[in-house]
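Bear in mind that the values here come from a model prediction, so they are computed numbers and not experimental data. Basis for what follows: all heavy atoms, side chains included, without hydrogens, waters or symmetry-related copies.
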Amino acid sequence: MARPNAILHLWLRCSRLPAGRWLFSRLVCFKAPYFGSISPRFVQLAPGRCELSIAKRRKVLNHIGTVHAIAMCNMAELAAGTMTDVTIPASHRWIPKGMQVDYLKKAETGLRAVATVAQPAVWGDGLDLPVKVDVIDAAGQIVVRATITMWVSAKKR
């Protein structure tokens, strides 16, 4: 069996520990500090799927007391990017190319972001990979639906 990429390997090791998901989340935010602004907690990470959550805290609220739209975009991008990283072949790299977001309802609770992707049959030299992300409230209602287009290309040799 092929060894998983570094992030997936770290997830598999950390998630078995008592505070491992918290530790993994902190390590990801250390590598990409902006994501620390929402204090995410990874729940699940596997090729083709990532789930993370945020608590409803003052630092992610807007002026009307709901979770700010950009905080939800931030969690959507984090889930999509981390999932993409563990999904694509080791011979490839990715970068976000675009993001389409639909705000469906007010986010009045803590939230979960679930990123999923349909993997292409052939990865090729360069392709747009649309990653679907649903941001879901505590009642199970989708409050944001996003599609983040990742540009996936072969690494330079």
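- Closest non-hydrogen pair, V86 versus N5, comes out as CA-ND2, 3.5 Å.
- Distance alone, capped at 3.5 Å, is enough to place a donor-acceptor pair between the S25 side chain and the F42 backbone.
- Using a cutoff of 4.0 Å between basic side-chain nitrogens and carboxylate oxygens, D134 and R145 are scored as salt-bridged.
- The side-chain heavy atoms of D137 and E108, taken from C-beta on, include no pair separated by under 4.5 Å.
- A single hydrophobic cluster is seen to contain both L45 and L129, as judged by linkage of ILVMFWY side chains at heavy-atom distances under 4.5 Å, directly or through other members.
- If you check the side chains of D85 and W94, you find a donor sitting under 3.5 Å from an acceptor.
- The two residues W151 and S153 have their closest heavy-atom pair at NE1-CB, 3.7 Å.
- Annotation: side chain of T147 is not in contact with side chain of V133 (no heavy-atom distance under 4.5 Å).
- For M72 against V67, the heavy-atom pair with the smallest separation is CE-O, 3.6 Å.
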Fill in: Test side chain to side chain contact (heavy atoms under 4.5 Å, CB included) applied to Q100 and D102, step by step
CA-CA 7 Å; Q100 200 273 309; D102 294 316; 3.2 Å; yes

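- With values rounded to the nearest 0.5 angstrom, E51 atom CD is found 13.0 Å from M83 atom CE.
- Q119 approaches P47 most closely through the heavy-atom pair NE2-C, 4.2 Å.
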Item to complete: May I have the step-by-step check of side chain to side chain contact (heavy atoms under 4.5 Å, CB included) for W123 and L127, ending in yes or no?
Response: CA-CA 7 Å; W123 287 95; L127 62 98; 4.3 Å; yes

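- Listed for the T87 side chain is a donor-acceptor partner under 3.5 Å among the backbone atoms of G48.
- Within a 6.0 Å sphere centred on NZ of K106, heavy atoms belonging to other residues, nucleotides or ligands number 12 at most.
- Side-chain atoms of S37 and N74 form a donor-acceptor pair, as typed in the model, at a separation below 3.5 Å.
- Across T109 and A138, no two heavy atoms sit closer than the pair OG1-N, 2.9 Å.
- Each of V43 and V28 belongs to its own hydrophobic cluster when Ile, Leu, Val, Met, Phe, Trp and Tyr are linked at side-chain heavy-atom distances under 4.5 angstrom.
- Between H68 and L61, the closest side-chain pair of non-hydrogen atoms is not below 4.5 Å.
- One distance of note links OG of S91 with NZ of K155; it measures 7.5 Å at 0.5 Å rounding.
- A donor-acceptor contact shorter than 3.5 Å is absent between the side chain of H92 and the backbone of G126.
- The number of heavy atoms from other shown groups lying within 6.0 Å of CZ (R93) is above 12.
- Separating the CD atom in Q44 from the OG atom in S53 is a distance of 12.0 Å, to the nearest 0.5 Å.
- The closest donor-acceptor contact from the side chain of N62 to the backbone of I64 lies under 3.5 Å.
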Worksheet item: Could you walk me through whether V117 and K132 pass the side chain to side chain contact (heavy atoms under 4.5 Å, CB included) check?
Response: CA-CA 6 Å; V117 70; K132 305 291 185 194; over 6 Å; no

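- For the pair I38/M75, a side-chain contact is recorded, criterion being any heavy-atom separation below 4.5 Å from C-beta on.
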Worksheet entry | side chain to side chain contact (heavy atoms under 4.5 Å, CB included) evaluation trace for L27 with L10 | CA-CA 10 Å; L27 291 170; L10 183 62; 4.0 Å; yes

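- With contacts defined as side-chain heavy-atom distances shorter than 4.5 Å, the pair P96/T149 does not qualify.
- In this structure, L23 CG and R21 CZ are separated by 13.0 Å, a value rounded to the nearest 0.5 Å.
- In the hydrophobic clustering of ILVMFWY residues, with side-chain heavy atoms under 4.5 Å counting as a link, W22 and I54 come out together.
- The cluster map of Ile, Leu, Val, Met, Phe, Trp and Tyr, joined by side-chain heavy atoms under 4.5 Å apart, puts I70 and L52 in different clusters.
- M99 and V143 fall within the same hydrophobic cluster, defined by Ile, Leu, Val, Met, Phe, Trp and Tyr side-chain heavy atoms under 4.5 Å apart, directly or through other members.
- Taking CZ of F24 as the reference point, atom CG of L12 lies at 9.0 Å (rounded to 0.5 Å).
- P40 and L78 get closest at one heavy-atom pair: CG-CD2, 3.6 Å.
- Using a 4.5 Å cut-off on side-chain heavy atoms (C-beta onward), V144 and L104 make no contact.
- The NZ atom of K31 sits 13.0 Å away from the CZ atom of F35 when rounded to the nearest 0.5 Å.
- Between the side chains of T66 and K56, not a single donor N or O lies within less than 3.5 Å of an accepting N or O.
- Looking only at side-chain heavy atoms (C-beta outward), V131 and T116 stay at 4.5 Å or farther from each other.
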